[in-house]
Each structure stands twice: as structure tokens, then as C-alpha cells.
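Notes for the one structure printed next.
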Amino acid sequence: MDDFARIGGFTAEEFDAALRRLADRAREHATRGGDAPAFRRASTDALSRLGAVPDQGRPLETALEALLSDAMAYGMDTGHRRFFAFIPSPASPLSWLGDLAASIHNRHAGSELQSEGATAIERGLVRFLCDAVGYGEGAGGLFVSGGSMANLAGLCLARDQRLTREERPRGVVYLTRETHASVAKALRVIGVFDGQIRTVATDEALRMDPAALARAVAEDRAGGATPFAVVASAGTTNTGAIDPLPEIADICGREGLWLHVDGAYGASIALSPAHRSALAGIERADSLSWDAHKWLFQTYGCGVLLARDASLLPGSFALTSDYLRDGAAEGAQPNFWDLGPELTRPDRAARLWLTLQVMGRAGVGRAVAHGVALAEAAERAVRTTPGWRVVSPAQLAILVFRYAPDGLSDEMADAVNAVAARRLMEDGFAVVGTTRIGGRLCLRMCAIHPDATATDMEETVARLDALARELADR
Ligand SMILES: Cc1ncc(COP(=O)(O)O)c(C=O)c1O
């Protein structure tokens, strides 16, 4: 009891009660089902209570209650089975448990000596993910906070491996309009300016056009620039499109360009034997981003960077100092702090490890494949509802569609779709995203929740239809 008083100002009984309260909340949350709202707006009252920090402490029980009731209960519930906007995060309760265990032990996962078990788990999972995408023996990588950091680290490698310092101002990188915005941000961070980014044309399915890429590279070389990297997407956020990886890899091979594949969203399909072939060519990527907090059912902060040749990572990320010598690697394998941007890093792998141990590779693969079937069910519902149009068919569990009946102007349809999505969200039944394709406002569903059903998809489309008709009739 004294120990608790010293470090936390609470008693062992209070601690046990808090854990029980959390266990109750975890069970309620895990079983909240489709009747719970997918979106809850906070009262300004509740929010204003959160800002204040008391001078003297208050009881753990009341502070925890405020956290659970005032802070955690509001906003978009991205783990709700009918949350379809952005990339949802249907985190498995197994991930919560793994995360909790990692949090309790709080191992420093930067060096093996500080976290031998966590390091072994992370190395094992990195190998497992490398195998899943068809990488060979020399491949490796590490867990990072998410796709943005994985893209940043991959592009650091690209810059360091393909450009001399003198060439950096002339270096050019190729992507498309559909490339995730985190790539442009990463390029800015590593000193590649907007003028060094070429946006390559896409085909009608919004995939990078390899012929256009080859032309752009040739033009840039002729103009004195130094092409150095291509960023291809294995599952764009907008439509789930996968760029033609084999053709792009051929061009990169011929031209000596680094190929970074952003598979933050779509790489998870590698675990579904039925859909694995969609990623053909991904094994030729020099570096690859893959988020476990998207379609591998993990809590946020769980992404992975893989590199086809892991021995290149220390060239960009190794650090040395006298005060780190006690954590220096003893074996043949480097510490994780030498493979990525972070020194102190949490144990991010434990949660995915626990999930895979309990569900097995096949179980996770089936859960991934379920998302593909959900989006197909939504597509059928859209196609059979008069007045609706499929803008981009179900691809990697993403469907883009739009209410556009004859007689409604494009501008009016834009407004109707936007307001219908907003009303649906405010009502709490489901959250459907909006985006723009070809300049028109569209609705977008990313359906990756393993508990969602075809009925969830049909009911969501039916409610959108009722809302859109009501709005269009005004
Ligand atoms: C394709 C893709 N790449 C990168 C990212 C960025 O990942 P994160 O938000 O984990 O940083 C996302 C996020 O949705 C994404 O969909």
C-alpha cells in the first residue's frame, strides 16, 4: 500500500477497484454492438471540465470516471462496426490486452538488452510480415507509430541510398494524385521540396500509369534532374486501388530508382490466401509501409516499415554515443534504435503478437477477407438502389458511390451527398466518409470491421437513400 501511496497517492484497494472499473468498461466496449452510436458529440460542459488540472490531487475513482465518461465517450467511434469513414480502426480486444501488458511493463524497445523478450517478438513479427509479402532472407524492418512514420523512414532510405548530398537539390520523386498525403509531408520533412515531386498520371481506375511514369523520368533526366524514387500505393485511401507494381518495379529497376510501396492500408490483404495475388510485385519494393492499426485490428500507434535489404537501415538511422554503450547490441543483430528514427520506443509489437497467437495467421486472414465481402455487399446494395451510382467499385474493402439521379444537377448532388453523410453521422447510426473523385463529391465506405454484416451494409445504404431523397426533394 505504501508503494502505491508513494508513486501514485492511492491505495492498493483503490488500484484494484480502478482495474475492475476498467475491466467492466473494456467488456462493455467490446460488446457494444450495433446499437451503440458510431458518433457522439460531446457536451461543451463535459469538454470544459477536462481542461483543468487540480493543484491538489483528487480520488482515483472520480478522476478515472471523468476520463471514461467525459473524455473517452465522445467523438467518432472508429472501432464501431458501422464506422466506414477514413480508414477505420476495428482494434481487437486482444490488441487492447497486449497493449496493456506492454504498458504495464513499459520495456524500452530501443535496445535488445532493455527488452530481450519484446525484441524477440518484434524480430519474429517483422520476419513473419516479410514472409507474408514475399521478401527474402535479407529483409527486415521495425515497428513505428504508423503509416506516416513508415513512409518517412522509407523515404529517408530512398534519399540516402539513391542521392549524393550534391544531388539532393536535383532529386525527383514520383507519385500520383492518389498517393497518401503523408508522403508529401514526409518528403517535406526530409528536405525534398514541392518542385521535386512529379505527379504521374493515373488510368481510369486511378492507378499509376507506368507509361506516363517512364515518360516523366525520361523528361526529367533530359532536363538535368536526378530521378531517385517512386512511391507506389498498394491500396490507396480513396478507392483501394493498387498501382501496377510489376510494371513500376521494372521501370525502377531499369532506371535505378528506389521503389517505396505505401501498403499502410492494403498490405494486410497479403494474409488472405484468396486475395494475396492482388499484391503481386510487392516483393520487389525496396521499402514498404504496412499499418497494423488499420486492417490488422490493432490499436493506434502500430505501424511497420519493412526494407528488402535491412542492412541498409543503419546507414540512415544508426546512432552512437558514450551514454548508450550499456545498451549496445551484443549479438549479430542490431538494436531497433539503430533501424529507425526513434531512440526510446514503446513495445508496439506485443499487441499484434498476442492477436496473432490467439487468432492465428489463418484467423486474421479470414477477418481481413471479410472486409472485402462487406464492401461487395455494399456495392450490390448501391447498384440495386435507384438513383445511386457506383463511382469506384469495391476494391480492397473500399467502395465509392454517389446519389446522382437523373434530373439532379451535379452541384445539387454534391450538396445532397455531403449533407446525407453528415446527417447519418449526427444520427449515430453509421459514419460514412466523403471524398472527391473527378471533382465530384462522393460517399466512401471502408468496410473492415470483422463483426459488421451484409445487413449493416444494406441498412446503411438504405438510410443514406432515405436521407438523400428527402434532401433532394426539398
Ligand atoms: C495509404 C495510407 N498511407 C499512409 C497513411 C498514414 O498512416 P498513419 O495515419 O498511420 O500515419 C494512411 C492513413 O490512413 C493511408 O491510408
Side-chain angles (χ1 to χ4, degrees), residues 76 78-79 83-91 95 99 129 133 141-156 158 173 175-190 197 202 205-208 229-243 245 248 259-270 278-279 282 285 287-306 340-342 345-346 348-349 351-352 368 371 375 392 395-400 431 433-437 444-449:
M76 297 184 190
T78 59
F83 186 90
F84 304 121
F86 310 115
I87 305 289
S89 183
S95 176
D99 202 8
L129 297 171
V133 294
L142 79 168
F143 279 63
V144 292
S145 61
S148 300
M149 283 306 292
N151 285 337
L152 179 80
L155 290 164
C156 275
V173 59
L175 39 71
T176 75
R177 266 203 62 169
E178 300 297 309
T179 306
H180 193 269
S182 60
V183 169
K185 186 181 189 173
L187 289 167
R188 218 159 57 225
V189 172
I190 66 166
I197 301 175
T202 49
L206 302 178
R207 294 171 304 205
M208 185 183 283
V230 177
V231 180
S233 301
T236 62
T237 315
N238 239 359
T239 66
I242 300 174
D243 287 331
L245 303 177
I248 295 171
L259 174 57
H260 176 76
V261 172
D262 181 357
Y265 171 61
S268 296
I269 203 74
L279 295 178
I282 199 166
S287 54
L288 169 67
S289 304
W290 183 348
D291 268 357
H293 65 206
K294 293 186 165 65
W295 210 354
L296 287 183
F297 317 114
Q298 301 305 299
T299 52
Y300 290 131
C302 196
V304 179
L305 170 76
L306 301 179
E342 294 168 298
R345 48 200 298 280
R348 298 190 175 97
R351 55 191 112 160
L352 180 61
V368 170
S392 169
Q395 273 186 101
L396 280 189
I398 296 178
L399 174 73
V400 184
V431 182
T434 62
T435 187
R436 280 189 184 278
I437 305 259
R444 174 183 164 284
M445 290 171 94
C446 178
I448 56 174
H449 201 301

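Every number for a ligand or one of its atoms is a count from 1 in the order of the listing. Fair warning: this is a prediction, and the values are worked out from it, not measured in the lab. Because only heavy atoms are used, hydrogens play no part in the values below, and waters and symmetry mates are left out as well, while side chains stay in.
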Taking atom CZ of F83 and atom CE of M445, what is their separation to the nearest 0.5 Å?
11.5 Å

Test your reading of the model: is there a side-chain donor-acceptor pair from S89 to the backbone of H293, 3.5 Å cut-off?
yes

Member of T202, T236, N238, T237 meeting the side chain to side chain donor-acceptor pair (under 3.5 Å) criterion with E178
N238

Counting only heavy atoms not in R177 (residues, nucleotides, ligands), do more than 12 fall under 6.0 Å from its CZ?
no

Do the side chains of L187 and L175 get nearer than 4.5 Å, heavy atoms only?
yes

Applying a strict 4.0 Å limit to heavy atoms, is S182 in contact with ligand 1?
yes

G235 heavy atom under 4.0 Å from ligand 1:
yes

Is N151 touching ligand 1 with its side chain, its backbone, both, or neither, if touching means heavy atoms under 4.0 Å apart?
side chain

Taking the side chain as C-beta and beyond, is there a heavy-atom pair between L305 and L142 under 4.5 Å?
yes

Using distance alone, decide if ligand 1 has a nitrogen or oxygen within less than 3.5 Å of any nitrogen or oxygen in Y265.
no

Name the closest protein heavy atom to atom 3 (N) of ligand 1, giving the residue it belongs to and the distance to 0.1 Å.
D262 OD2, 2.6 Å

Is it the case that ligand 1 has an N or O less than 3.5 angstrom from some N or O of S145?
no

Short list, please: which atoms of ligand 1 are under 4.0 Å from a heavy atom of I87?
14 (O), 16 (O)

Check this for me - ligand 1, G147, N or O atoms closer than 3.5 angstrom, yes or no?
yes

Go through the steps to decide whether K185 and S148 satisfy the test side-chain contact (heavy atoms from CB on, under 4.5 Å), and finish with yes or no.
CA-CA 8 Å; K185 186 181 189 173; S148 300; 5.8 Å; no

Atoms of ligand 1 close to H293 [distance to a heavy atom under 4.0 angstrom, numbered from 1]
10 (O)

Numbering as shown, the atoms of ligand 1 that approach A264 to under 4.0 Å (heavy-atom distance):
2 (C), 3 (N), 4 (C)

Answer with side chain, backbone, both or neither: which part of V183 has a heavy atom less than 4.0 angstrom from an atom of ligand 1?
neither

Quick one: nearest non-hydrogen protein atom to atom 16 (O) of ligand 1, plus distance?
T237 OG1, 2.8 Å

Between C446 and the options W295, F86, Y265, the side-chain contact (heavy atoms from CB on, under 4.5 Å) test singles out Y265

Which of the atoms of ligand 1 are close to D291, meaning less than 4.0 Å from one of its heavy atoms?
7 (O), 8 (P), 10 (O)

How far is atom 11 (O) of ligand 1 from its nearest protein heavy atom, and which residue and atom is that?
S148 OG, 2.5 Å

Side chain proximity check, L206 to I437, heavy atoms < 4.5 angstrom:
yes

Distance only, no hydrogens: is a donor on one side chain within 3.5 Å (strictly under) of an acceptor on the other, for S287 and H260?
yes

Give the single entry among H180, K294, M149, E178 that approaches atom 9 (O) of ligand 1 most closely by any heavy atom.
K294

